[in-house]
S.K.: 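Here you go, one structure.
The chains referred to below are lettered A, B, ... by the order of the sequence lines, with proteins before strands, and numbering in each begins at 1. Everything numeric here is computed off the predicted structure, so don't read it as measured data.
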Amino acid sequence: MDIRKFFAPSSTSKDANKKEPSKKTESDVSEVKKPRGKRQNDRSQSKQKSQTVAVEEDIILKTDSDSSMVKNAPKKGRRRKYGKKAQLGSPSSPEKRKENVPITNVMSNSESEDDLPKVKKVRKGFINSDDETDAPTKKSKKKEKPAPKKIVSSEEFFGEDKIQIAGTKGVKEKPNKKKKEEKTTIEKRIEIDQELHDDEDFMDTLDKLNKMEKEKVKKPSPAVVKTETKTNAKTPSPKKVIKVVKSPTKAKTKTPKKDDSPLSISKTPTPAKRPLTAPKSKTPTGESAPNMVKTPSSAKRNLAYAKFKQREGPRAVGQIEIPEGSENCLEGLVFVVTGVLEGLERDDAKHLVERYGGKVTTSISKRTSYLVMGRDPGASKEEKARKLGTKIITEEELYHLIKTLPGKKSKYEIAAEKEIKAEQDRDRKRNLTEKESTVPAKKMRQMVEKPVVKVVERERAETSHQTGANYLDRGQLWVDKYKPTNMKQLIGQQGDKSCARKLLNWLSSWHANRAAGRKPIFGGGKWADQDGGGYRAALLSGPPGIGKTTMSVLVCKELGYSFVELNASDSRSKKSITEQVSELLHCSSLSQWASGKDNKVDKKEHVLLMDEVDGMSGNEDRGGMQQLIQLIKTTKVPIICMANDRNHPKLRTLANYCFDLRVQRPRVEQIKSAIMTIAYKEGVKIAPNVLQDIIVSTNQDIRQVLHNLCLFSAGGDKPDEREAVKSKKDIQIGAFDACRKVFDPSCASNSIQEKTSLFFYDYSIAPLFVHENYIKVRPKDNHLMRLAKAADSIAIGDVVDKKIRGSSGSWSLLPTQAIFASLLPGEYMRGYMSGMINFPQWLGRNSTNNKNKRIVSQLTGHMRLNTSGDRQAINQDYLPVLRKRLTQPLIEKQNEGVKDVLTILEDYHLTREDMDSLLEITQWDGIDPMKSIESKTKAAFTRAFNKANFVLPYAIVTASKAKAKRAEVAADDDYETELGEDNIEESAEEDDITKDAMIKKAKKPSSKKQETKKTTEKKTTKKRGKS
Amino acid sequence: MSLWVDKYRPRSLGKLDYHEEQANMLKKLVQSGDFPHMLVYGPNGAGKRTRIMAVLRELYGHGVEKLRHEHQTFTTPSKKKLEISTIASNYHIEVNPSDAGIYDRVVIQDLIKTVAQTNQLESSSQREFKIVLIMEADRLTKDAQHALRRTMEKYMSTCRIILCANTTSKVIGAIRSRCLAVRVSSPTIEQIMIILTFVCKKEGLSLPNELAKRIAEYSQGNLRKALLACEACRVQQYPFSDDQEIPKADWEVYLKETSSLIVEEQSPNRLLQIRERLYELLVHCIPPEMIMKKLLQELMMNCDGTLKTGVIQAAARFEHRMQKGQKPIYHLEAFVAYFMAMYKKFLEDGMTADW
């Protein structure tokens, strides 16, 4: 099916251009404007006139195409050009086709016209016989069957005539085919190529011929086709003919040999599918069904999977003309795409459908209206579609649908209209009743308000929706205009478990909980109270623009609380909070009482809204956070805090005292429907898919979407996709996502600019991420070679890094580093990433390395008096030996070994910590010899060590640190720790004196190399005397 | 009960076991009264420091062996405090500026100036100069080396500098030309064997010639390593036997395992595994150059002659880059990845050829 498919779409689009080459005369162009009846007459005349011209042209172009077989690249370009031209002049209406008379004319034209090419080339002649179908036939020579697609188109334009030709073609092709079977596949392929070129050339010529044709003919709607077939009683309906032709070829193609070559395999299913896809076909679907059912044997499935892996992308992207349909023509239809569409990438297809209001899902359900089947479709999808009775259509049929279906009103518009109507009614009623009561309330409040603290109370009347006409009068931002006025209008907060609902519950039961004395449960976990009843404050967190503030305001309103809002524009230092807020919170408001709405003075009327708490910082707000926490501990009114980044260190403490509510971004669809309504009210026409792009590009920021929309509407243009791209919010993606994108196959076609920008999200850590994760990517082939190349490039990147960060500081090399450290590895490895992105372990390893270096330095320093050699020598040569000498005696001789170990320690002036760190850095594969020492021995050793009380020739630099560490270690071992510490301190003191020794000049030799042991005693006494 | 390597270290120029001629020369140099700056270089375990200490002893007598630890604090221009421990006698001070990392220039400037600016008090009975012994001179940053060159001339009257380095290639020419370069080359196998036998005799042990030879060969001219290995052998098994296994350092074993893992399988997963191991080695402060060298040695043993040139070339390339770059793991890993790809390709080509 593949190849045919491939060409089929092109043929359809082509036939749009091509239809009846003869109609190319200029007179036709003008005809478009003429009334229909007249036009038809004109048409038939002009056709005959133009016939001769067309034939001549045809010949000329043919020769041209022959010569161009060698180099076809330029030709393609040409062809495209023609296609465009044709498009320009094709605003024809489908009705034209309805009459049969012109059709027959056309048929005769085409036939006679075709004779000439036939003379030139036998094969081509064939194809020419139905001009617009030429491309498919060529293919089909290889592929055998007459391309069904062709027929679809031909049937549309020419009815039966074409079909007959197709039938003959099919017959003639069979012998060809058999011959070919004998050839090797390679030969076949070459042939295909040649044919391809032929086709293209040929199509060029046809294009030229048919350029103008399109204007006249638009595809008839299916209904039209039907009438055609009925009227032509003699000739079988086009589709029938197809079937007849097909079935014999099918039988032939099904030889086992064929199955081996992917091309032929792909072919075989086509005939089966065909009948299904053509809804009007009379052949029983049962015929084809068995074929499909048989296939999923395991072997075949594997084969299918192999095929799936190898399948090519669309082959005719950009060559097929994508039709323009009327607005929202696919509204309410659900599509599933399977297989490869020739003219569109999958994403583009989705886009296309969405543009017309349709929906694309990934799996078939009862609600699916169409299954669009491309080349190499998924077997299971097909089967399921059949089971559920879903209509199966081909790519061209999809285009056809788009072209022909009438435009509808978007569901959003309908919803919006309804809503507005309802509101108008409501407003009318409310305006009557409410007006008098609000005025005194406002006045009262102004008197109560303090100057610094804003008491914000938004009256319903102020912000409530007004009818469409009123909106334009007020210079308000849309964001304010359409601010939700009740909880039902909150986007994405309708569920029972939504944050708004939780907040509402929490707030409503707040006073009850206080009265009941519920205490917060700290520490969270599964014991944390789900409704937050124990907390006196709530913390709303989430990204900007999703309605946190609005939500809390509405919740308060819903419960009839008034609120005091403090945000970043207020000074929120400790002092101001104490003075103003606490005062305010501990008293009750008069406003409601005074307004006369409510006659009881109620303590629960206040809520404190602390907006943007993560912005509390700097000198201005000094101590504010602490004060806020204090406030929360004792507050008599609920407090709602709001923040963007829940994990911000500043919020860590605060979060402990708050009911933690994390507001998630609403889903795209949720925002979409709400915004569509607004757009409708504002009279902005926006396609759903464009809106979707805008929403996605702003990262689901409702506020931003509204602003963008507002901007578009101000510009007066209808926003299209390009605008959506422009509206792209600069989204900071994390290092993890950036790293994933580096290797993401779907980003392969991004520009270098975009690829390097991944590096610049965080250029200090990006190389580390790439290095950490590149090995886990599975490129499509040649894995090791690619790994080596990527590693090589990363290594060069490191050299560049040194140049940048080293003494030369060549920061201008950053882009170079981006290429080597991120872009190239990405290019080499590009593929599926198995597993998650890891955080670079280099950082951890590096700090361990530094720690170990420090230890080695320290050990080297301590041992220096008695050893030679630098750090490396100590680390590589001494330490492994010392390790054995320090542990083996204890393991083998137990308590007897203690003395040996102590002498070693003493000779090399090592402390107990040194010993521990020595054992630590010489440890490989996690084998810890200390574990094999009996704890009894260990204790004995520690005791002995403490008692031995060595005099060290150096000061213990980090005495306090060492002490703490030591306490830790020794605590397990025995109770003599205290004594040990004292001793250490003592010796440290002594060493302090030796530290000054240089100045004094009279020195205390700590050891003479060979006589260390003997001198120890003396030294000790000497030192003691001195101090 | 120090390790033998420390216990039997010669203390004076006369007692040195090899390069006696050089020792004599040094002796004469000292006796002549004047003394130049010196740059002592040679491989690990050749006895550089031993020789330097012997020279100092020749210069100042026993007093130089009375060593003490000192902690000195330096403040960098950016107000960072550095603690450096030095070892000093009355007559000399030994410092390892590379402890200070990139701030070694500050150490060089401050320390040497303070030392050099003080004159010896009893110049009549003593030499009129003190000695500053700079260890690991080849690890000094270029800045520090440049800071050194002027100081060396300016304070020539009060202070001499002895630089101790593994290689002169990383010491700038200006310094090399100001110093008397003394190369201490590794002892030969025979010399090591003699020393080993001598030490064992002193310890009252008898060391079979065969084992001595094997230890010497294992040590690759590193006398320190030879002595430590010999002592390890003693701990492991006594009396010695000829075919006794020489205990290797853990990291050597680990490195060897790593290279055999590479040869065993070439796959992305294995590469990940190798990366883990390379990290492990690096974290244990095994110098990357050493890892690269040992890896190459092991891999060479396992690969076909036709591959060798390519692999060595690659190793050289990556090693060079490693010096130029700053994250050794990248380069080691790149080398391993390269080797794996080459090796796998070679194996696969070989397979198809066999068919």
S.K.: Tell me which of these, Lys853(A), Met785(A), Gln841(A), has more heavy-atom pairs under 4.5 Å with chain B than the rest.
M.R.: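 Among the listed options, the one with the most contacts to chain B is Gln841(A).
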S.K.: Check whether any side-chain N or O of Trp251(B) sits under 3.5 Å from a backbone N or O of Gln876(A) as a donor-acceptor pair, and report yes or no.
M.R.: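 Present.
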S.K.: List the steps, then state whether side-chain contact (heavy atoms from CB on, under 4.5 Å) holds for Tyr330(B) with Leu768(A).
M.R.: CA-CA 10 Å; Tyr330(B) 286 14; Leu768(A) 291 174; 3.2 Å; yes
S.K.: Please classify the contact of Met290(B) with chain A as side chain, backbone, both or neither, using a heavy-atom distance under 4.5 Å.
M.R.: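 Contact with chain A: side chain only.
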S.K.: Using a cut-off of under 4.5 Å for heavy-atom pairs, which of Lys789(A), Lys776(A), His783(A) has the most such pairs with chain B?
M.R.: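 Ranked by contacts with chain B, first place is His783(A).
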S.K.: With a 4.5 Å cut-off on side-chain heavy atoms, are Leu784(A) and Met342(B) touching?
M.R.: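 Met342(B) vs Leu784(A): side chains apart.
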S.K.: As an exercise, state the distance from CH2 of Trp924(A) to CD of Glu280(B), rounded to the nearest 0.5 Å.
M.R.: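 If I round to the nearest 0.5 Å, the distance is 6.0 Å.
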S.K.: Does any part of the side chain of Met340(B), heavy atoms only, come nearer than 4.5 Å to the side chain of Leu787(A), both counted from C-beta?
M.R.: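 In short, these two side chains do not touch, never coming nearer than 4.5 Å.
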S.K.: Contact part of Leu281(B) toward chain A, heavy-atom cut-off under 4.5 Å: side chain, backbone, both or neither?
M.R.: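 For Leu281(B), heavy atoms of backbone and side chain both lie under 4.5 Å from chain A.
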S.K.: Where on Asn166(B) is there a heavy atom nearer than 4.5 Å to chain A: the side chain, the backbone, both, or neither?
M.R.: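 Just its side chain gets close to chain A.
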S.K.: What is the minimum heavy-atom distance between Ala788(A) and Ala341(B), and which atoms define it?
M.R.: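 Heavy atoms of Ala788(A) and Ala341(B) come nearest at CB-CB, 3.9 Å.
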S.K.: Mind ranking Val856(A), Asp801(A), Val800(A) by heavy-atom pairs under 4.5 Å with chain B and telling me who comes out on top?
M.R.: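 Most heavy-atom pairs within the cutoff with chain B belong to Asp801(A).
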S.K.: Check whether any side-chain heavy atom of Pro880(A) sits under 4.5 Å from a side-chain heavy atom of Lys248(B), and report yes or no.
M.R.: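 Not touching, per the 4.5 Å side-chain cut-off.
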S.K.: At what distance, to the nearest 0.5 angstrom, does OG of Ser85(B) lie from CD of Gln858(A)?
M.R.: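 With rounding to 0.5 Å, OG (Ser85(B)) is 9.0 Å from CD (Gln858(A)).
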S.K.: Would you call Arg885(A) and Glu231(B) a side-chain contact if the rule is heavy atoms closer than 4.5 Å?
M.R.: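 Yes, their side chains come closer than 4.5 Å.
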S.K.: Considering all heavy atoms of both residues, which atom of Leu882(A) and which atom of Leu3(B) are nearest to each other, and what is their separation?
M.R.: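 For Leu882(A) and Leu3(B), the tightest heavy-atom pair comes out as CD2-CD1, 4.0 Å.
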S.K.: Tell me, yes or no, whether the heavy-atom count around Arg270(B) atom CZ, taken from other residues, nucleotides or ligands under 6.0 Å, exceeds 12.
M.R.: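 More than 12 heavy atoms, drawn from other residues, nucleotides or ligands, come within 6.0 Å of this atom.
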S.K.: Are the side chains of Pro247(B) and Lys884(A) in touch, meaning some heavy atoms are under 4.5 Å apart?
M.R.: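 A side-chain contact exists here, since the closest heavy-atom pair is under 4.5 Å.
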S.K.: Under a 4.5 Å heavy-atom cutoff, which of Glu94(B), Lys225(B), Met135(B), Glu333(B) has the most pairs with chain A?
M.R.: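 Top option by heavy-atom pairs under 4.5 Å: Glu333(B).
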S.K.: Within the supplied structure, the quantity of interest is the number of heavy atoms (other residues, nucleotides, ligands) at a distance under 6.0 Å from Lys294(B) NZ; does it exceed 12?
M.R.: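 Enclosed: over 12 neighbouring heavy atoms sit under 6.0 Å from NZ of Lys294(B).
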S.K.: How long is the gap from CG on Asn846(A) to CD1 on Ile329(B), to the nearest 0.5 Å?
M.R.: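 If we round to the nearest 0.5 Å, Asn846(A):CG and Ile329(B):CD1 are 11.0 Å apart.
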S.K.: Please lay out, stage by stage, how Arg275(B) and Glu772(A) fare under the test salt bridge (Lys or Arg N to Asp or Glu O under 4.0 Å).
M.R.: CA-CA 10 Å; Arg275(B) 174 200 278 179; Glu772(A) 181 66 32; 3.5 Å; yes
S.K.: Check Val283(B) against Thr848(A) and note the closest heavy-atom contact, atom names and distance.
M.R.: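 In this case the closest contact between Val283(B) and Thr848(A) is CG1-CG2, 3.7 Å.
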S.K.: Is a salt bridge present between Arg845(A) and Glu276(B), judged by a nitrogen-to-oxygen distance below 4.0 Å?
M.R.: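 Answer for the salt bridge query: yes.
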S.K.: Is a salt bridge present between Asp907(A) and Lys7(B), judged by a nitrogen-to-oxygen distance below 4.0 Å?
M.R.: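 Judged by the 4.0 Å cut-off on N to carboxylate O distance, Asp907(A) and Lys7(B) do not form a salt bridge.
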S.K.: Give the intermediate values and the outcome of side chain to side chain donor-acceptor pair (under 3.5 Å) for residues Thr867(A) and Arg49(B).
M.R.: CA-CA 10 Å; Thr867(A) 57; Arg49(B) 193 170 178 252; 5.4 Å; no
S.K.: Could you look at Arg786(A) and say if it's the side chain, the backbone, both or neither that has a heavy atom under 4.5 Å from chain B?
M.R.: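 Contact with chain B: none, neither part.
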S.K.: For the candidates Val253(B), Val336(B), Asn96(B), which exhibits the highest count of non-hydrogen atom pairs separated by less than 4.5 Å from chain A?
M.R.: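 Top count of heavy-atom pairs under 4.5 Å with chain A: Asn96(B).
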S.K.: Between Ser98(B), Ala229(B), Ala232(B), which shows the greatest number of heavy-atom pairs under 4.5 Å with chain A?
M.R.: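 Among Ser98(B), Ala229(B), Ala232(B), the one with the most close pairs to chain A is Ser98(B).
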S.K.: Going by heavy atoms in the side chains, are Phe318(B) and Asp792(A) under 4.5 Å from each other?
M.R.: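 Yes; the side chains approach each other to less than 4.5 Å.
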S.K.: Are the side chains of Asp870(A) and Asn44(B) in touch, meaning some heavy atoms are under 4.5 Å apart?
M.R.: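 Contact flag for Asp870(A)/Asn44(B) side chains = yes.
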S.K.: Against chain A, work out which of Tyr338(B), Phe339(B), Tyr279(B) has the most heavy-atom pairs shorter than 4.5 Å and name it.
M.R.: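 Most heavy-atom pairs under 4.5 Å with chain A: Tyr279(B).
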S.K.: What is the distance from atom NZ of Lys327(B) to atom NZ of Lys802(A), rounded to the nearest 0.5 Å?
M.R.: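 Spacing of NZ (Lys327(B)) from NZ (Lys802(A)) equals 10.5 Å.
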S.K.: By a 4.5 Å heavy-atom criterion (distance strictly below it), what part of Asn222(B) contacts chain A: side chain, backbone, both, or neither?
M.R.: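 For Asn222(B), side-chain heavy atoms alone lie under 4.5 Å from chain A.
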S.K.: With a 4.5 angstrom heavy-atom cut-off, could you sort out which part of Arg883(A) is near chain B: side chain, backbone, both or neither?
M.R.: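 Contact with chain B is through the side chain of Arg883(A) alone.
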S.K.: Using a 3.5 Å distance criterion without hydrogens, assess whether the side chain of Asn852(A) forms a donor-acceptor pair with backbone atoms of Cys285(B).
M.R.: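 A pair under 3.5 Å: no.
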S.K.: Please lay out, stage by stage, how Ile775(A) and Asn269(B) fare under the test side-chain contact (heavy atoms from CB on, under 4.5 Å).
M.R.: CA-CA 8 Å; Ile775(A) 298 187; Asn269(B) 271 343; over 6 Å; no
S.K.: Would you mind checking which part of Glu252(B) comes under 4.5 Å of any heavy atom in chain A, side chain (CB onward), backbone (N, CA, C, O), both or neither?
M.R.: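 Contact with chain A involves no heavy atom of Glu252(B) at all.
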S.K.: Taking the side chain as everything from C-beta on, heavy atoms only, tell me whether Val5(B) gets closer than 4.5 Å to Val881(A).
M.R.: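 They are not in side-chain contact.
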S.K.: Regarding Lys324(B) and Asp798(A), does a basic nitrogen lie under 4.0 Å from an acidic carboxylate oxygen?
M.R.: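 Looking at Asp798(A) together with Lys324(B), the answer is no, because their closest N to O distance does not fall below 4.0 Å.
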S.K.: Can you tell which part of Ile87(B) gets under 4.5 Å to a heavy atom of chain A, answering side chain, backbone, both or neither?
M.R.: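 The answer is the side chain of Ile87(B).
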S.K.: If you take all heavy atoms of Ala795(A) and His331(B), which pair is closest and at what distance?
M.R.: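 For Ala795(A) versus His331(B), the nearest heavy atoms are O-CE1, 3.2 Å.
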S.K.: Need one label for Thr922(A): side chain, backbone, both or neither, based on atoms under 4.5 Å from any heavy atom in chain B.
M.R.: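 For Thr922(A), backbone heavy atoms alone lie under 4.5 Å from chain B.
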S.K.: Between Tyr878(A) (side chain) and Arg224(B) (backbone), is there a donor-acceptor pair under 3.5 Å?
M.R.: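 No, the answer is negative, given that no donor and acceptor are paired below the 3.5 Å cut-off.
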S.K.: Sub-3.5 Å donor-acceptor pair from the side chain of His284(B) to the main-chain atoms of Gln923(A), do we have one?
M.R.: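 Checking the backbone N and O of Gln923(A) against the side chain of His284(B), a donor-acceptor pair under 3.5 Å is found.
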S.K.: Ignoring hydrogens and geometry, is there a side-chain-to-backbone donor-acceptor pair from Arg864(A) to His69(B) under 3.5 Å?
M.R.: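 Not at all, since once roles are kept as given, no pair shorter than 3.5 Å links the two residues.
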